[in-house]
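Report on one structure; see the data block that follows.
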Protein chains: 2
Amino acid sequence: MSRVQLVVDRSDEAELRLGQLAGSLGFLFRVGQLEVFDNFFDQLGKSGLKPGEFSVLWVVHLNPGVRQGAVAEKLRIKRAHMTKLVRSFEEDGLIERTIPEGDRRGIELRLTRSGSAFVEDHAQEFFDYAQSETDRLSPDEAAQLIALLQKFTGLTPGS
Amino acid sequence: MSRVQLVVDRSDEAELRLGQLAGSLGFLFRVGQLEVFDNFFDQLGKSGLKPGEFSVLWVVHLNPGVRQGAVAEKLRIKRAHMTKLVRSFEEDGLIERTIPEGDRRGIELRLTRSGSAFVEDHAQEFFDYAQSETDRLSPDEAAQLIALLQKFTGLTPGS
DNA sequence: AGAATTTCGTTTACAAGGAAACAATTTTCT
DNA sequence: AGAAAATTGTTTCCTTGTAAACGAAATTCT
C-alpha cells in the first residue's frame, strides 16, 4: 500500500519573514534595547538597580548642581516624568533639591551622602554589566557599534 | 570705580558630563530609539501610523496564518500586550483571527482585504522613512550600523 | 516701567506596556 | 489510558511614561 505524504515543512516555529523591517533602525534599536534590558534585570535586578534610575543618579553624581531639566533633556526623559523620579529620590534621601539664587525657577540637584554611597556602591557592577553586553560581538565590532551609535545619537563620552 | 566681575562660565546649558554612561549600549539604544521615534511621529504621525502597530501588520502581511505568539516573540512584544493589539486590529477590521484545526490553543492571523490595503498604502512611506533615519550617517556607516545591530539582535532580513 | 512671551517644574488625567494568575488545550511521562 | 506538565492566549492589576494645562519666575519688547 503506497502512501502519499504531504510535507508542508512549516519547520514549525522556524522562520518568520520580517522583510525590510529587519533593516529598520527604529526596530533594531527597540529590539536591541529590550535585549539589553532583559539581560540587565536577569543579572542585576536583585540589587534593585534600574538602568534609568541609576543613569539619573550617575549624571547628578558627575554634575553636582545640575538642573533637573538639563538631566531630563540629556537622558531623554520627559520633564513630567523627571519630576516624579527626582521627588522619589528625594524621599529616599538620595538627592537634594535646592533652589538657586540666580534663577528661582530651576532646581539644582546634588547627591546626598547616602546618594553618593549608592552610586559608588553600584557604578562598578552597572558598568561592568554594560561592558558584558557586548559579548556577542567581537571587541572590534563592539567598539564600532558604540562609535556609530554615539555618532547617530550625537553623544560623546567627554561631555 | 573699578568692578570685579566673577565669570563662572557655566557655558550655561553647555556641557553635561555623562562619563561611561555614553558608552553603554543600553543607554545608546534607548536614546537612538527615542530619536528615531520622535522624528517618526513628527513626519508620519498625522497618518495615524504607529511604528509598533504597523510592524505587527507588516509581519502578518508577510506571514499569513502566523500565530500571534510567534509574532509577539519575534517583535519582542509581550503576549499580554499582543492580545490587546490583535483584538483592536480585529475591531478595526484589519486582521482576522482563526482557530486552526491542528491546535486549538493557538490563533492564526491573517490580514483582511482592508488590512492588506492599509499595509500596501503605508509600507512605502514607512520604509522610506526608515531609510531616511540614516541621513545623519554616511551610507557606509549606516550599512555598517545596521549590520552590527542585526548581528547583535540576531535578526536578519531573510527570515 | 509694564505687558506679552518664554522657561521651568508640577499636577492631573490618561495610554502603553508588564507581571502574575488563569482557563483551555495539547504534550509528556508513567 | 490517565495524571502531570507545558503551551497559548486572556484577564486583572500595576508600573512606567506621556500629553496637556497650569503657576511661578524670568526675559523680551515696546
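Source: prediction; values computed, not measured. Proteins get letters first, then strands, A, B, ... in listed order; numbering begins at 1 in each. All heavy atoms count here, side chains included; hydrogens, waters and symmetry mates do not.
Taking atom CG of residue A/L109 and atom C1' of nucleotide C/dG9, one finds them 11 Å apart after rounding to whole Å. For B/R79 and C/dA20, the CZ to C1' distance is 12 Å, given to the nearest whole Å. The separation between A/R87 atom CZ and C/dT10 atom C1' is 7 Å, rounded to whole Å. Atom CD in B/E73 sits about 17 Å away from atom C1' in C/dG18, given to the nearest Å. Regarding A/E108, its CD atom lies at a distance of 15 Å from the C1' atom of D/dA25, rounded to whole Å. Taking atom CZ on A/F41 and atom P on C/dG17, their separation rounds to 16 Å, with Å as the unit. Taking atom CD1 of residue A/I107 and atom P of nucleotide D/dA25, one finds them 12 Å apart after rounding to whole Å. Remark: P of D/dT16 and CD of B/Q33 are 18 Å apart, rounded to the nearest angstrom.
Here the side chain of B/T134 pairs no donor or acceptor atom with the backbone of B/L137 at under 3.5 angstrom.
Contact annotation: A/R30 does not reach the phosphate of C/dG17 (side-chain N/O to OP1 or OP2, under 4.0 Å). The shortest distance between the side-chain N/O atoms of A/K78 and the OP1/OP2 oxygens of C/dG9 is not below 4.0 Å. Side-chain N/O atoms of B/K50 include one lying less than 4.0 angstrom from OP1 or OP2 on C/dA16. Residue B/R67 has a polar side-chain atom (N or O) positioned under 4.0 Å from OP1 or OP2 of D/dT8.
Between the CD atom of B/E108 and the CD1 atom of B/I99 there is a distance of 10.0 Å, given to the nearest 0.5 Å.
The aromatic rings of A/F29 and B/F29 sit tilted relative to each other, their planes meeting at an angle between 30° and 60°. Using bins of under 30°, 30° to 60° and over 60° for the plane-to-plane angle, the ring pair B/F54/B/W58 lands in the parallel bin.
When each of A/G106 and B/R76 is assigned the nucleotide of DNA chain C with its nearest heavy atom, A/G106 is the one assigned upstream, toward the 5' end. The 5' end of DNA chain D is approached more closely, in terms of each residue's nearest nucleotide, by B/V86 than by the other of B/V86 and A/L85.
For B/K84 against C/dG18, a side-chain-to-base donor-acceptor contact under 3.5 Å is present. Judged by distance alone with a 3.5 Å cut-off, a donor-acceptor contact links the side chain of A/R105 to the base of C/dT7.
Using a 4.0 Å heavy-atom cutoff across all strands shown, A/R104 reaches sugar-phosphate atoms only and no base atom.
Side-chain atoms of B/H81 lie closest to C/dG18 of the nucleotides D/dA19, D/dT8, C/dG18. When each of C/dT25, D/dG9, C/dG9 is scored by its nearest atom to the side-chain atoms of B/T83, the top-ranked nucleotide is D/dG9.
Between B/D38 and A/R76 there is a salt bridge, with a side-chain nitrogen of the basic residue lying less than 4.0 Å from a carboxylate oxygen of the acidic one.
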